[in-house]
Amino acid sequence: MLLSSSRSEIPDFTMTDPKDKAGLPAYYPEFYTFPPFYTRQPNAASWSSQLSQWRSFILAYCRAHKLWRLNLVDAMETDLFYNKSINRKLPLPTIREIVDDLVKSSNAEWLSSEKSIAYIYWRTPEDFASQIYLWIDETGQKGTVLTLLELTEGDNTTQQEWYGMDQAMLVKCLNVLVKRGQAQVFSVGDDKGVKVW
Amino acid sequence: MAFRKIDLTPALRPLLLPSETLLFVQDAVGLYEGRYKAPNFQNGSAYLTTHRVCFVNNDEPRKYSLALELKDVERFELYNGFLKSSPKITLYLRPSNPSLLNSRDRSTSRSPTYSPVPTPPRSSTPLQSAVLNRQWICPICTFPNPFPSNFGPLAPIPPCLTCGVKPNRSVLDAIVNPPAPAKPPNGVSDDSILQAGIQRSKNACPRCTFENDQALRNCEMCGEVLSSDTVEDPLVTGTSLSRGESPAPTYLGNVLAGEQIDCVKLSFRGGGEKPFHEKLKGAMVQRKWLLEQAPTVPTITAGAANLTLDARESDAAPRAPAPTERIVGVRGLERQNLALRMNNQRAIAGAFEDLEALMSRAKEIIALAENFATQLADNPSLANSDAKEALSQSATLLALRPTDFAVTKDQISSSSSLSLYHAELARSIADFLADDRRSILKKEGGAITLVDLWAVYNRARGIELISPGDLESAAKLFDKLQLPVRLRQFKSGLLVVQERNRTDEKVAKSVLAWLEELSDVEARDTAAAGKWGKSVLAKDAAEKFGWSIAVAIEELEMVEERGELVRDTSFEGVRWWKSPWYTSE
């Protein structure tokens, strides 16, 4: 029962707006105020529940805040891992463990082997790739060359989920399309362009 | 009846009488009745106490445990063993039951209507007692042979001791099912009722026809068993029953209950007969059992002799002089109290005069101390709580006296391995923990760390302290000996002794119920904050359940291990919460 509100890894986008009693957005899990939530539970069963809560919370938080990359040390001090009202903070090793788990399910990716910064994919690259393809198709831009900046920063894409996406991530998503044989990525000077057909 | 069934303590040791002390324990002992092995008593431990020799079977201790009163033992012999025959100690019993019928009757059922016959003079020797037993007369040479104790339908018939001729089976059968009570044949005797009356009262011997006194069970002339109408029926039924179910050549079940045993043998298969013999010798010389009947040590002043030291005793049997009894009301009570107090004073003064006196009066002084302790506990008027505590503590210290809990190494034969000592120690610890008067486990919330136990147990022993290593080895045997306590090792390696029936589930349940209860209170106070219930520290749990902190931490971690608690580590320590993620299958 307690798990139901945040069990799905990709919560509905509409959930961002309403606020619950505690004054927190709905994507905050109810465990946010539960002190043991901030301690890595040694019990395997408890930990797996705790882990799945944290996973979905991180994804939901990044989605709501349009966070593409997470600097763990910086994030520690944000609301994501630090509940000031009960004065509890998730320790860095535990955060790393959770992100590691996200990486395993390809919901995240370490930027480097130091494991201090991670891309957070609240949708998988395949999902994004499909969305981009669909959008290009719908807007009749098939066959035209678009710069990557146009895709992530352009006026036409402000309503799209990938708006503001990190360039490196976008390349990864487009590579999915390349692999499918639906797109081609090429460089124009410093800028990169993509052509979808 | 030589052997008596005995009560065992929860730890399966013989329950000792108040003044009885354990002298020696030897395992791997078998029991013989007369010359035959007792079937269910072949592998057990022999406990020698100041009063008894107890046998406790290893496999089914509750069923096959017996004790032989040392006061029934006339003499004993040591047999050193030869080749495959183990060393034995033979205990010759005092012929307390002169007649077979009498003992038989007891073996079947103690009929209240049957009045016991007077016992013969003490001077009777084993030889005499053998004569008193059943006999069969050789039809060839008329020699009265002893009746084979293993007689049964299948048993071989022994030859006559004199002429060596085996008798007809019917001769022996006739003994087992004796003919009708001896009366002169009707045809010969006069039919007059008067005559019959005389016959009855005269109790004629069926063999030599000597007219014995009615009270006698055996013929004065030839020693033949005199049959009696009153006891015949139970005898016959009793024998036929037991014969039927145990046709074993070695031994018959009901012999155990005391039939014509004149000696009992303890076979020491694992050695240890020599120290046992020594201790037995000592016990037989000391005759501690006589002390029970002996008058108690006279009180110091003759004037107060009629007042017992123990207040409870004096309540139970008021032997105060008549004039005080007549004074009733508050004055009477006051006076009684005053007299009691004076007597106590005298007792204490006398007891501490010298060591001898203290030792002889130790029991009374301890009783006094216990009395004081309870009085102190009840007395609200004692304002100085420090003094009260000190007093009651010293009183309880005195009360924590070494009794039957103290097993020492010299009580255990050196020949058997150290494990017997540890087993006995384990039993004694189990008894110690199970003792209701102390209720140590209860005070400790059902679990006591080995370290605490070591301290408490050694304090109770007072002397002859045990080493931590011995305690650990003993505690490890709890499971093997099926004692009511068990040793439990927590994840961290902490060793705890706890009651056997205290399972993890029960602990978890009580902890959760407690948390629930706490959060209920909390919820009523502030409805908003009650979402996650209330958390506790290990300290709180220790206080609530009477655990030591170490045990509390371990128990909480155990519940966590089950997934029913979650922890919250912060700078103030680890707080424990009821797990919202736990789902019971």
Side-chain angles (χ1 to χ4, degrees), chain A residues 1-9 19-58 76-77 81-98 101, chain B residues 490-494 504-505 507-509 511-512 514-516 518-519 522-523 525-541 552-585:
Chain A
M1 174 204 81
L2 293 170
L3 313 179
S4 60
S5 69
S6 42
R7 167 140 279 177
S8 65
E9 299 236 321
K19 308 235 170 186
D20 73 356
K21 275 179 288 182
L24 291 168
Y27 59 86
Y28 279 73
E30 53 180 330
F31 291 99
Y32 192 65
T33 55
F34 186 44
F37 194 45
Y38 298 87
T39 300
R40 160 71 161 96
Q41 296 302 324
N43 178 276
S46 300
W47 168 239
S48 80
S49 309
Q50 193 189 8
L51 179 65
S52 77
Q53 303 279 333
W54 270 113
R55 283 173 54 102
S56 40
F57 179 45
I58 290 172
M76 256 183 82
E77 301 301 324
F81 296 121
Y82 187 17
N83 186 344
K84 291 186 184 70
S85 64
I86 59 166
N87 196 18
R88 289 290 186 282
K89 208 186 272 189
L90 195 66
L92 191 60
T94 313
I95 298 175
R96 214 160 258 161
E97 203 176 342
I98 297 166
D101 193 69
Chain B
F490 284 109
K491 260 192 309 178
S492 64
L494 180 74
D504 288 356
E505 287 94 69
V507 174
K509 226 180 197 173
V511 168
L512 290 177
W514 172 50
L515 272 174
E516 205 106 315
L518 280 179
S519 15
E522 178 84 351
D525 290 348
T526 50
K531 186 176 180 189
W532 300 113
K534 202 159 157 33
S535 64
V536 290
L537 292 167
K539 181 171 70 76
D540 304 331
I553 290 173
E554 295 294 347
E555 293 288 10
L556 288 171
E557 282 180 1
M558 180 276 296
V559 184
E560 181 197 37
E561 183 86 348
R562 298 165 58 83
E564 297 180 55
L565 282 185
V566 289
R567 64 167 76 199
D568 163 30
T569 316
S570 62
F571 53 86
E572 57 171 318
V574 180
R575 297 196 72 89
W576 298 91
W577 300 72
K578 197 166 182 293
S579 170
W581 295 301
Y582 177 69
T583 47
S584 55
E585 281 85 56

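In what follows, chains carry the letters A, B, and so on, assigned in the order in which the sequence lines appear, proteins first and then strands, with residues in each chain numbered from 1. Given the structure is predicted, the values throughout are model-derived calculations rather than measurements.
- A donor-acceptor contact shorter than 3.5 Å links the side chain of A:Thr39 to the backbone of B:Thr569.
- Using a 4.5 Å cut-off between heavy atoms, A:Phe34 touches chain B through backbone and side chain atoms alike.
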| Stepwise side-chain contact (heavy atoms from CB on, under 4.5 Å) test for B:Val566 and A:Gln50 | CA-CA 10 Å; B:Val566 289; A:Gln50 193 189 8; over 6 Å; no
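- The most heavy-atom pairs under 4.5 Å with chain B, out of A:Ala45, A:Ser46, A:Ala44, come from A:Ser46.
- Using a 4.5 Å cut-off between heavy atoms, A:Pro42 contacts chain B through both its backbone and its side chain.
- A donor-acceptor contact shorter than 3.5 Å is absent between the side chain of B:Glu560 and the backbone of A:Asn43.
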